[in-house]
Participant: 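Okay, here's the structure, questions in a sec.
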Amino acid sequence: MTAEKAHSNQDETGGFSHALESAGLAFLICDADDQVGRMTSAAADLLGLPDDLKQPGTPVEAIIRHLLPKTVPSEDDLDSLVTAEINRMREGAAMKCEQAPAPGIFLEVTRHPLPGGGTITQYRKETDWRLLHEVLTNAIEDIPEAFVIYDAVGRLVMCNQNFRDMYNYSVEETKPGTHYRTLGQIDVKRGNVDVRGSDDEDYLARKDAYRHNLQGSFLVHLRDGRRILTRDRRTAGGGFVSIQSDMTETYLMQEKLEAAKKAADIASRTKSNFLANISHELRSPLNAIIGFAEVIEAHQEWPETHLRFRDYASDIRQAGKYLLELINDIIDVARLTSGETTITPTTVIVQEVITNAIRRVEERAHARGLAVTVDLPETAPQTITADEHYLRQMLVNLLTNAVKFTPADGEVSIIARYNDAGEVVFSVKDTGTGIAEEYIDGVTDLFRQIDEGADRRHPGVGIGLALVKGLMELHKGRIDITSQVGHGTTVSLIFPDMPPPSEQE
């Protein structure tokens with residue numbers, strides 16, 4: 001067929017060609033002489049043809065020769081390829097054209113012979129699935145974990161090299177279609193895995209049950225000591241994705257931490273038991289020393305030349321009482337840190353517990369030239385639900401600290417009140433040396449002393465406030481400290497609004 005006849009046919013099918021153009025479809029109509037009869041603008045644009053190759057009468061060979069170099073290696077025989085492509089076109093053979101006319105474009109080409117000779121070719125742009133598959137495969141290979149995809153019945157679809165390396169699988173053993181149970185059988189047969197005291201079948205059954213439910217994770221112990229954490233997740237198609245990570249270092253670190261914690265707990269219990277035992281052993285002789293010192297101090301028939309012994313006895317008694325109080329505090333701290341301390345809340349009369357606490361420190365206060373005052377306004381609480389023994393002990397510890405750090409011309413007072421939240425607050429206030437702001441948060445730590453260093457002026461080992469804090473936590477309360485260097489300190493015990501003991505059951 002001549003080009004003129006093709007042009008005539010083009011006119012006769014003008015309505016059809018116009019419809020293709022209007023629809024935006026990419027069509028190329030060639031005559032029996034392999035020349036362009038009609039090309040839609042969509043086809044010209046999709047192929048990226050220059051203007052001189054878009055015109056009717058253009059040899060198809062010129063178009064093919066223009067497009068092929070974009071899709072084939074430069075060293076291939078272009079003439080042979082052009083001839084082969086023309087033959088496929090004449091036969092109406094479909095084809096897929098990758099990366100033409102530009103990288104990233106993927107064309108599906110379908111051809112149909114025309115009754116009068118020639119062909120009609122349609123071009124459709126599709127997603128480059130091969131390119132996407134390549135990108136996805138490379139990404140999976142770059143994952144540091146072992147990565148496997150199984151289908152809905154548990155057959156392997158694809159995996160990365162890390163998976164093969166992790167279990168020493170060959171490419172043949174991990175070919176698509178291999179069932180995960182087959183891989184598990186390879187593991188136990190070769191001894192790749194440590195079944196941790198169970199037999200092989202039990203191990204495979206446990207792993208099969210995990211893969212059936214796909215909940216949580218599955219830990220694989222390899223014979224070489226590695227620990228592989230397997231996390232599988234269901235896919236939309238009913239299969240599952242398995243990501244397996246070498247968690248050996250993490251688990252070893254966790255075991256070391258657990259062992260260190262266990263050792264620390266044992267050491268803590270040993271320390272607490274030692275402190276409790278040694279403190280009990282010290283209390284008996286101390287009580288004897290204090291008792292005999294009181295007898296000597298109370299003796300009225302000393303000769304004038306021996307009156308100084310009464311003063312010695314007084315010093316021994318006071319030192320013994322201080323040491324006994326310190327030992328009692330050590331026992332309480334040991335019990336508190338070991339979790340042995342419990343409280344027994346009762347209804348405590350506020351004024352009585354304050355009076356008893358002051359009585360315990362008044363001798364020491366008198367020796368320093370201090371008087372402890374009490375502030376109980378009419379609105380002060382009359383009773384409180386607390387452990388009476390430990391409440392008195394806490395107040396004594398706070399008063400002892402206040403007396404210790406307050407000079408002779410200072411003041412020490414104890415106040416009981418309700419705060420705005422309805423909580424009962426006991427505050428011990430002094431006008432002593434005070435605490436620097438940067439040290440306030442740490443003064444309740446065990447063995448932390450307010451005046452640390454070689455030039456300390458006040459005795460103590462840093463137990464009192466730590467013990468108070470621990471006892472307040474048992475009461476579900478809290479301790480609050482405000483202080484200013486040179487202007488004194490206020491320590492408050494804040495108790496929650498607790499019901500009477502009869503209502504707590």
Side-chain angles (χ1 to χ4, degrees), residues 1-139 158:
M1 180 182 291
T2 63
E4 289 79 5
K5 187 173 181 180
H7 296 166
S8 176
N9 288 341
Q10 173 188 344
D11 293 337
E12 293 174 1
T13 58
F16 174 67
S17 299
H18 180 73
L20 295 179
E21 189 71 45
S22 299
L25 300 177
F27 276 91
L28 171 62
I29 301 174
C30 298
D31 61 22
D33 295 326
D34 301 327
Q35 294 180 351
V36 175
R38 174 79 183 190
M39 180 186 300
T40 63
S41 58
D45 292 341
L46 194 59
L47 296 174
L49 297 177
D51 292 340
D52 60 324
L53 295 180
K54 300 177 184 178
Q55 304 303 320
T58 300
V60 175
E61 178 186 349
I63 296 175
I64 295 174
R65 193 173 292 277
H66 174 80
L67 293 175
L68 277 179
K70 300 181 180 182
T71 62
V72 298
S74 59
E75 62 270 14
D76 287 357
D77 184 355
L78 186 59
D79 291 336
S80 298
L81 292 174
V82 170
T83 301
E85 182 59 26
I86 291 175
N87 291 333
R88 282 196 296 268
M89 181 190 71
R90 290 170 178 169
E91 295 168 359
M95 66 171 290
K96 290 190 177 181
C97 185
E98 300 181 39
Q99 294 184 329
I105 295 179
F106 187 80
L107 299 181
E108 182 179 6
V109 183
T110 57
R111 302 182 177 110
H112 299 281
L114 294 174
T119 57
I120 180 170
T121 304
Q122 181 180 8
Y123 302 93
R124 286 192 297 269
K125 184 166 63 174
E126 293 186 351
T127 304
D128 189 349
W129 293 110
R130 294 186 185 181
L131 181 60
L132 289 179
H133 181 271
E134 182 180 352
V135 172
L136 178 61
T137 301
N138 290 338
M158 67 178 302

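Any value given below was found using the heavy atoms of this structure, including those in side chains, with hydrogens, waters and symmetry copies removed.
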Participant: Looking only at atom types and distance, does a side-chain atom of Asn87 sit under 3.5 Å from a main-chain N or O of Thr83, one as donor and one as acceptor?
Facilitator: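 Yes; judged by distance alone, with no hydrogens or angles, the pair exists.
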Participant: Between Asp31 and Leu114, is there a side-chain heavy-atom distance shorter than 4.5 Å?
Facilitator: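 With C-beta onward as the side chain, the pair stays apart.
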Participant: What heavy-atom pair brings Gln55 and Asp51 nearest, and what distance separates the two atoms?
Facilitator: NE2-O, 3.4 Å
Participant: If the condition is salt bridge (Lys or Arg N to Asp or Glu O under 4.0 Å), which residues does Asp52 pass it with, not counting sequence neighbours?
Facilitator: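 Once residues adjacent in sequence are excluded, Asp52 has no partner under the salt bridge (Lys or Arg N to Asp or Glu O under 4.0 Å) criterion.
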Participant: Would Glu91 and Arg88 pass as an ion pair if we require N to O under 4.0 Å?
Facilitator: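 Salt bridge: no.
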Participant: Mind checking the CZ-CG spacing from Phe27 to Leu46? Nearest 0.5 Å is all I need.
Facilitator: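 CG of Leu46 is found 12.5 Å from CZ of Phe27.
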Participant: For the residue pair Met158 and Thr137, establish whether any side-chain heavy-atom pair is separated by less than 4.5 Å.
Facilitator: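 The answer is yes; the side chains approach within 4.5 Å.
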Participant: Looking at CD of Gln122 and CG of Leu25, how far apart are the two atoms once the value is rounded to the nearest 0.5 Å?
Facilitator: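 With rounding to 0.5 Å, CD (Gln122) is 6.0 Å from CG (Leu25).
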Participant: If I take atom CE from residue Met39 and atom CG from residue Asp45, how far apart are they, to the nearest 0.5 angstrom?
Facilitator: 10.5 Å
Participant: Taking the side chain as every heavy atom from C-beta outward, state whether Thr110 and Arg124 have any pair of such atoms under 4.5 Å apart.
Facilitator: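 Side chain of Thr110 against side chain of Arg124, heavy atoms only: contact under 4.5 Å found.
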Participant: To the nearest 0.5 angstrom, please state how far the CG atom of Leu81 sits from the CD1 atom of Ile86.
Facilitator: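 Between atom CG of Leu81 and atom CD1 of Ile86 there are 11.5 Å.
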Participant: Tell me, do Asp34 and Glu61 make a side-chain contact under 4.5 Å, heavy atoms counted?
Facilitator: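 Result no, sub-4.5 Å side-chain heavy-atom pair not found.
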Participant: Under the side-chain hydrogen bond (donor to acceptor under 3.5 Å, both in side chains) test, which residues partner Ser41, sequence neighbours left out?
Facilitator: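 So Ser41 forms a side-chain hydrogen bond (donor to acceptor under 3.5 Å, both in side chains) with Glu21.
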Participant: Between atom CG of Leu28 and atom CD1 of Ile120, what is the distance when rounded to the nearest 0.5 Å?
Facilitator: 9.0 Å
Participant: Which atom pair, heavy atoms only, marks the closest approach of Ala26 to Thr40?
Facilitator: CA-OG1, 3.4 Å
Participant: Say you draw a straight line from CZ of Arg65 to CD1 of Ile63; how long is it, rounded to the nearest 0.5 Å?
Facilitator: 13.0 Å
Participant: Shortest non-hydrogen contact from Met89 to Arg111?
Facilitator: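 Shortest heavy-atom separation between Met89 and Arg111 comes out as CA-CD, 3.5 Å.
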